[in-house]
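Quantities reported herein were computed from a predicted structural model and do not represent experimental measurements.
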Amino acid sequence: MRQRRYVVAAAFAGTVALGTGLGVWASTGGSGTPGAAAGTATTHQPSDARSDAAAGVSRAPSPTPTRTYPMSTAPSTIPAVRSHTPARGPGWKPARGERVVVSDPELADEGRLIAGELGLAYAGEAKDVRTGDVRLALNDDEGANPESYSMTVRGGRVVISGPGEAGVFYGTRTLKQEVHGGGTAPEGVVRDEPAKPVRGLMIDIARKPYGVNWLKDRVRELGDLKFNRLGLHFSDDQGFRIESSTHPEVVSKDRLTKAQVKEIVDLAAQRHITVVPEIDSPGHLGAVIDAHPDLQLRSAAGRTPRGALDITQDKAAAILDDLLEEYSGLFPDGTWHLGGDEYVALMASNPAASYPQLAAAAREAYGSGGTIADLTTGWLNDRADAVRAPGRTLVAWNDGFFRNTSVQPAKDIQVAYWTGKEIGARPPLEYLKAGRTVLNYNDEYLYYVLGQPNQFVYPTGKRIYEEWTPRVLRGSTAVPASYDAQIPGGFFAVWGDLPNSQTQAQVADGIRMPLRAMVQKLWNPGKPSLTWTQFRALADRLG
């Protein structure tokens with residue numbers, strides 16, 4: 001096990017806790033005036049506080065103050081930091097010739113990024129200590145949230161440390177916002193961590209293709225806001241948008257090359273964002289069926305519902321598994337979304353009568369009591385088997401989980417809960433009581449559907465900020481707090497139902513404030529102290 005260097009984290013008395021909101025800090029030459037959301041005073045000391053001598057770091061002389069500094073107030077950031085220990089001092093601001101240094105080589109990417117953003121020199125693993133330094137380090141706080149960090153501003157220097165690279169990265173995002181929003185990082189110690197480990201944006205690139213540069217811009221935006229997931233729904237009835245070597249015949253003309261996808265995945269990894277792919281099945285496969293019309297599902301009346309795959313055919317499973325295996329290499333880590341929603345055979349009033357071939361296949365596979373829901377659940381489980389790998393999380397839409405089936409979805413498939421409106425959709429409590437992990441995609445608050453069809457309305461940041469929490473899974477009612485641990489977070493979803501309704505620039509602008517409101521609630525679900533008007537003004541100031 002490699003040895004990590006300890007870092008300084010000074011203990012200041014009078015911690016200001018910001019667990020329920022944002023603190024407003026106005027720059028006044030490095031000091032601040034108390035804002036409207038100061039928070040609640042506590043007296044705990046930093047758990048990782050160590051002396052400079054124990055850290056093996058010599059202390060640079062503190063600047064001699066020319067005036068008395070007022071007690072600092074918490075930085076103003078989105079999302080808000082969870083706690084800040086105030087202190088008296090000038091704070092820190094970047095200046096020409098100052099450096100970013102790292103105590104661990106694993107932090108080189110984080111160091112180079114923040115150095116470039118603040119106009120500082122990147123000095124690598126420099127051992128000397130200088131006034132003006134920003135030092136990044138990993139600590140040995142085993143068992144701590146890997147996305148947590150502390151940031152100490154003291155003696156004209158900044159030290160950001162955490163148990164994992166992601167936490168240190170988030171500390172650099174806080175520093176960047178402090179400087180860009182007010183010019184100076186306030187004196188004191190920030191301790192911060194997210195309440196929820198899954199904080200995502202999903203983009204439907206199948207129905208509305210987006211350029212690679214637009215997607216990279218979203219990655220940068222997500223990273224600065226401390227999101228850690230980017231979902232790509234890249235196959236649907238209207239298009240299949242990523243290059244394929246196993247089945248090039250299904251790919252749309254306007255698509256991303258694998259090289260472009262790799263650029264997105266690599267950029268996301270640098271910002272500790274996992275890219276989550278989705279090939280939805282057995283519905284929403286019109287682009288695949290266009291190339292293989294023999295796989296189209298047909299009803300007893302001869303109807304051919306768009307995008308519905310005939311899952312009785314071995315060829316259908318073979319093509320899907322070819323694609324899943326191929327893209328597993330392109331998206332090697334993290335989460336895989338299996339889809340599973342809106343299979344029209346199960347939306348019919350009498351599925352067995354409408355699709356007798358499916359009913360017959362179900363009885364053959366599962367006995368005389370086998371149903372089309374059993375057959376469809378078996379399909380979902382088989383696709384899960386095709387992509388399951390150590391460390392990979394599997395997800396499917398909630399209306400792909402059916403009541404009263406003899407075949408149950410694999411226990412490791414998480415529920416992406418988006419709606420209670422679909423036929424057969426169950427309330428979220430049914431999944432939670434069954435012990436399922438449930439991700440929040442609530443279509444009441446988190447669905448940005450282009451063109452606003454089917455009674456969808458563009459969600460606003462204000463509604464999310466004032467009404468939504470991760471426990472509000474369906475409609476506007478929260479599930480009991482006892483289930484909070486089964487809800488690891490959620491995704492804001494951009495769907496391209498009417499793709500020409502907005503340009504790419506309009507989409508980016510339309511989701512800007514909803515994303516900021518959502519991440520505030522995922523980082524800290526409590527009621528924010530800032531009003532919506534104040535929060536929006538802060539967002540405008542931070543850029």
Is the shortest distance from a Lys or Arg side-chain nitrogen in Arg241 or Asp204 to a carboxylate oxygen in the other one below 4.0 Å?
no
Test Tyr170 against every option in Glu110, Glu165, Glu147 by the side chain to side chain donor-acceptor pair (under 3.5 Å) rule and name the one that passes.
Glu147
Contacts of type side-chain hydrogen bond (donor to acceptor under 3.5 Å, both in side chains), residue Tyr441, not counting sequence neighbours:
none
Which value, rounded to the nearest 0.5 Å, describes the distance between Leu225 atom CG and Arg218 atom CZ?
10.5 Å
Partner residues of Tyr210 under the ring pair (Phe, Tyr, Trp, His ring centres under 6.0 Å) criterion, sequence neighbours left out
Trp214
Give me the ring orientation class for Trp495 and Tyr447: parallel if the planes are under 30° apart, tilted from 30 to 60°, perpendicular past 60°.
tilted
Could you walk me through whether Thr335 and Arg392 pass side chain to side chain donor-acceptor pair (under 3.5 Å), step by step?
CA-CA 5 Å; Thr335 302; Arg392 176 171 283 161; over 6 Å; no
Without swapping roles, check the side chain of Trp532 against the backbone of Arg536 for a donor-acceptor pair under 3.5 Å.
no
Taking only residues two or more places apart in sequence, or in another chain, which ones meet Thr419 in a side chain to side chain contact (heavy atoms under 4.5 Å, CB included)?
Asn398, Lys421, Glu422, Asp443
Is a side-chain N or O of Asn381 found less than 3.5 angstrom from the main chain of Ala410, in a donor-acceptor match?
yes
Atom pair CE (Met202) and CG (Leu446), whose distance is rounded to the nearest 0.5 Å
11.5 Å
Would you say Thr405's side chain and Gln408's backbone share a donor-acceptor pair under 3.5 angstrom?
no
Begin with the C-alpha distance, continue with both residues' side-chain angles, and end with the deciding distance and a verdict on side chain to side chain donor-acceptor pair (under 3.5 Å) for Asp322 and His247.
CA-CA 8 Å; Asp322 285 346; His247 290 282; 2.9 Å; yes
Residues at least two apart in sequence or cross-chain that pass ring pair (Phe, Tyr, Trp, His ring centres under 6.0 Å) with Tyr343, listed by chain then number, are none
To the nearest 0.5 angstrom, please state how far the CZ atom of Phe234 sits from the OG atom of Ser244.
9.0 Å
Give a yes or no answer on whether the side chain of His337 reaches the backbone of Gly339 with a donor-acceptor pair at less than 3.5 Å.
yes
Closest heavy-atom pair and its distance - Asp399, Glu342
OD2-N, 3.2 Å
Report the residues that fulfil side chain to side chain contact (heavy atoms under 4.5 Å, CB included) with Arg255, sequence neighbours left out, ordered by chain and then residue number.
Val251, Thr257
Would Glu326 and Lys258 pass as an ion pair if we require N to O under 4.0 Å?
yes
Partners meeting salt bridge (charged side-chain N to carboxylate O under 4.0 Å, His left out) with Glu466 (sequence neighbours left out):
Lys462
Provide the full list of ring pair (Phe, Tyr, Trp, His ring centres under 6.0 Å) pairs with a residue in residues 258-282, sequence neighbours left out, each pair given once.
Phe169-His272
When every non-hydrogen atom of Asp192 is compared with those of Val190, the smallest separation belongs to CB-CG1, 4.1 Å
So, the side chain of Ser281 versus the backbone of Gly283: is there a donor-acceptor pair under 3.5 Å, distance only?
no
With sequence neighbours left out, what residues match Arg220 under salt bridge (charged side-chain N to carboxylate O under 4.0 Å, His left out)?
Asp217
Applying ring pair (Phe, Tyr, Trp, His ring centres under 6.0 Å), can you list everything that pairs with Tyr149, at least two apart in sequence or on another chain?
none
Across all chains, not counting sequence neighbours, the side chain to side chain contact (heavy atoms under 4.5 Å, CB included) partners of Val212 are Lys216, Leu256, Gln260, Glu263, Ile264
Distance under 6.0 Å and angle within 45° of the ring axis: does Arg99 meet both against Tyr122?
no
Please list, chain by chain and in numerical order, all residues satisfying salt bridge (charged side-chain N to carboxylate O under 4.0 Å, His left out) with Glu278, sequence neighbours excluded.
none
Regarding Glu117 and His180, do their side chains bring together a donor and an acceptor under 3.5 Å, going by distance alone?
no
Lys NZ or Arg CZ of Lys226 over Trp523 ring: under 6.0 Å, within 45°:
yes
List the residues meeting salt bridge (charged side-chain N to carboxylate O under 4.0 Å, His left out) with Arg516, not counting sequence neighbours, and say none if there are none.
Glu221
